[in-house]
Amino acid sequence: MLKLLHAVLLGLFGAAAVHIAILFLLPTYSERDVWAAMAKEAGPYAFVRLGEGNADPLLAEEQNPFFETAACRFDLENGMVRLTSAERVPFWSFSVYDRDGFNVFNTNDRSATNRELDALVVNAAQLLELRKGVPESLAASLVAQTDVGEGMIVIRVFVPDESWRIIVERFFDGLRCEAL
Amino acid sequence: MLKTVIFVVFVLIIALVGGAGSAWLALESTRSIGSVEIGPWVTFPNQGTRKADPYSRARSRRLGQLSLGQAEGVVLVAAADSDGRPLLRQCTYRIQGELPPTRFFTLHAVDDNRTILSAPARFLSALHSQDLLWRDGQTLGMIVSPHPQPDNWMAIAGTGSMQLVLTLVDTPISTGARVGETSLPVISRVGCDA
């Protein structure tokens, strides 16, 4: 009887260890890596449309039927990133994720001048550089300060109904993600 | 000798099954560590941020999702009605009550794998607030049902369990601590198809 109790106790200790090991190893060994999936699909600074139609099941998943999303990869080592689109849509928002998919910066159209998409993603050093003197062309840009090197930008656009589809498509056609 | 072997195997089985099982349960259930519950609705305020606890981190990496930022919105998921019964696709539900201030919201139905459900014909199992009829006083009232309904109807079809996903876009409640203090609509079951 005592032996059984001993075994159960040992087993429970083991279970706790296994539980913790799984928990901490899972993020490292997870194969569902959005960055890697996007790297297979397109080079850096190129927008990939997420959602239906992607060969990669991870990129094909839709989170919300009313939102169209696109993502681009960047590396701030190559200089700051400028995100622009000429078209105006009912709602847009974007998030900056680090290499591991953690959300490090996010904002929406209410923070932008005239609700137009024109944003700069910078690190601390680049922000200092900007403060010294903003070029005329970047004066109206929204500045997103992050502490990442490599990362991803995901932009989400609300499509209230099908009649907006053409305008939203034009927004994505005009979407640029470029290193300055 | 044999006794020792049985002892070791027994301990190992408890450790592996118990450890893996509890980890799976903690990550798979909608209500879990790091979640905030408001009635039937469950949200993970820190999911996908660097503030997330190890459970949320493991969960978001397992889903491989890039979660919404605070300025973008809050995602609330309900897997049960307000009485605690699991949501079923063959049932009719009334969703009624107050919503926190939000620029707009969307509601859609998903299956257990988080795949968006579709209803027959041209109907989507989805609604957004700019598409709704609003009664006096601006209280939200919607019906989720496999049968056509007057006013605000979200069509569903088929049988089996489902989850309702409510996304509040650009809402001040997303700023951390206040999530738990808001009131959200009640989901009440009206009836079910036999």
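A quick note: this is a predicted structure, and the numbers were derived from the prediction, not measured. Letters A, B, ... are given to chains in the order of the sequence lines, protein chains preceding strands, and every chain is numbered from 1.
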Item to check | Structural part of B:L117 lying under 4.5 Å from a heavy atom of chain A | outcome: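 Nothing of B:L117, per the 4.5 Å heavy-atom cut-off to chain A.
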
Checklist entry - Of the backbone (N, CA, C, O) and the side chain (C-beta and beyond), which part of A:F13 lies under 4.5 Å from a heavy atom of chain B, both, or neither? => result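 Interface part for A:F13: neither.
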
Item to check | Per-residue contact mode, A:F105 against chain B (heavy atom under 4.5 angstrom) | outcome: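 Neither part; nothing is under 4.5 Å.
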
Checklist entry - What option among B:L127, B:V110, B:V75 has the most heavy-atom pairs under 4.5 Å with chain A? => result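 Top count of heavy-atom pairs under 4.5 Å with chain A: B:L127.
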
Checklist entry - If you group Ile, Leu, Val, Met, Phe, Trp and Tyr by side-chain heavy-atom gaps below 4.5 Å, do A:I153 and A:L175 land in one group? => result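 A:I153 clusters together with A:L175.
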
Item to check | Neighbourhood of chain A inside residues 9-19 of chain B, taking heavy atoms under 4.5 Å as contact | outcome: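 Counting heavy atoms that sit under 4.5 Å from chain A, the residues of residues 9-19 of chain B involved are B:F10, B:V11, B:I14, B:A15, B:L16, B:G18, B:G19.
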
Next on the checklist: Tell me whether A:F47 shares a hydrophobic cluster with A:V34, the cluster being built from Ile, Leu, Val, Met, Phe, Trp, Tyr side chains joined at under 4.5 Å.
Outcome noted: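 A:F47 does not cluster with A:V34.
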
Next on the checklist: Does any backbone or side-chain atom of A:I22 lie under 4.5 Å from a heavy atom of chain B? Answer side chain, backbone, both or neither.
Outcome noted: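 For A:I22, the side chain is the part near chain B, not the backbone.
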
Item to check | Engaged part of A:V96 at the chain B interface, taking heavy atoms whose separation is under 4.5 Å | outcome: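 Neither part.
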
Next on the checklist: Taking side chain as everything from C-beta outward and backbone as N, CA, C, O, which of these in B:V169 sits under 4.5 Å from a heavy atom of chain A? Side chain, backbone, both or neither.
Outcome noted: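 Side chain only.
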
Item to check | Option in A:F67, A:F24, A:F91, A:F94 with maximal non-hydrogen atom pairs under 4.5 Å from chain B | outcome: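 Looking at each option in turn, the highest pair count goes to A:F91.
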
Checklist entry - Should B:M142 and B:I156 be counted in the same cluster of Ile, Leu, Val, Met, Phe, Trp and Tyr side chains packed under 4.5 Å apart? => result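 Yes; B:I156 is reachable from B:M142 via cluster members.
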
Checklist entry - Between A:A16 and chain B, which part of the residue has a heavy atom less than 4.5 Å away: side chain, backbone, both or neither? => result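 Looking at A:A16, nothing touches chain B.
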
Item to check | hydrophobic_cluster_shared for B:I95 and B:L132, side chain cutoff 4.5 Å | outcome: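 Yes, B:L132 connects to B:I95 through the hydrophobic network.
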
Checklist entry - Is B:L140 linked to B:L166 within one hydrophobic cluster, defined over Ile, Leu, Val, Met, Phe, Trp and Tyr using a side-chain heavy-atom separation of less than 4.5 Å? => result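 Same hydrophobic cluster.
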
Compile the donor-acceptor pairs, distance criterion under 3.5 Å only, formed between chain A and chain B.
| unit_1 | atom_1 | unit_2 | atom_2 | d |
| --- | --- | --- | --- | --- |
| A:H19 | ND1 | B:S22 | OG | 2.6 |
| A:H19 | ND1 | B:A23 | N | 3.2 |
| A:H19 | NE2 | B:Y55 | OH | 2.7 |
| A:S30 | OG | B:R61 | O | 2.9 |
| A:R32 | NE | B:R62 | O | 2.8 |
| A:R32 | NE | B:L63 | O | 3.1 |
| A:R32 | NH2 | B:L63 | O | 2.8 |
| A:Q63 | O | B:H108 | NE2 | 3.3 |
| A:N64 | ND2 | B:T106 | OG1 | 2.8 |
| A:N64 | ND2 | B:T167 | OG1 | 3.4 |
| A:S93 | OG | B:E72 | OE2 | 2.6 |
| A:S95 | OG | B:E72 | OE1 | 2.4 |
| A:Y97 | OH | B:S67 | O | 2.6 |
| A:D98 | OD2 | B:R50 | NE | 3.3 |
| A:D98 | OD2 | B:R50 | NH2 | 3.0 |
| A:D100 | O | B:R61 | NH1 | 3.3 |
| A:N103 | N | B:G48 | O | 2.6 |
| A:N103 | ND2 | B:S67 | O | 3.2 |
| A:N106 | OD1 | B:Q70 | N | 3.2 |
| A:N106 | OD1 | B:A71 | N | 2.6 |
| A:N108 | ND2 | B:A71 | O | 2.7 |
| A:N108 | ND2 | B:D170 | OD1 | 3.1 |
| A:N108 | ND2 | B:D170 | OD2 | 3.3 |
| A:D109 | OD1 | B:R103 | NH1 | 2.9 |
| A:D109 | OD1 | B:R103 | NH2 | 2.9 |
| A:D109 | OD2 | B:R103 | NH2 | 2.9 |
| A:R110 | NE | B:D170 | OD2 | 3.1 |
| A:R110 | NH2 | B:D170 | OD2 | 2.8 |
| A:D147 | OD1 | B:R50 | NH1 | 3.1 |
| A:D147 | OD2 | B:R50 | NH1 | 3.1 |
| A:R156 | NH1 | B:E72 | OE1 | 2.9 |
| A:R156 | NH1 | B:E72 | OE2 | 3.1 |
| A:R156 | NH2 | B:L66 | O | 3.0 |
| A:P160 | O | B:H128 | NE2 | 2.7 |

Checklist entry - Contact part of A:L58 toward chain B, heavy-atom cut-off under 4.5 Å: side chain, backbone, both or neither? => result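 The side chain, not the backbone.
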
Item to check | Neighbour count >12 (heavy atoms, 6.0 Å) for atom CG, A:L4 | outcome: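 Yes, because the 6.0 Å sphere around CG of A:L4 holds more than 12 heavy atoms from other groups.
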
Checklist entry - Using non-hydrogen atoms only, which part of B:L66 is less than 4.5 Å away from chain A: side chain, backbone, both, or neither? => result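 For B:L66, the contact with chain A is made by backbone and side chain together.
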
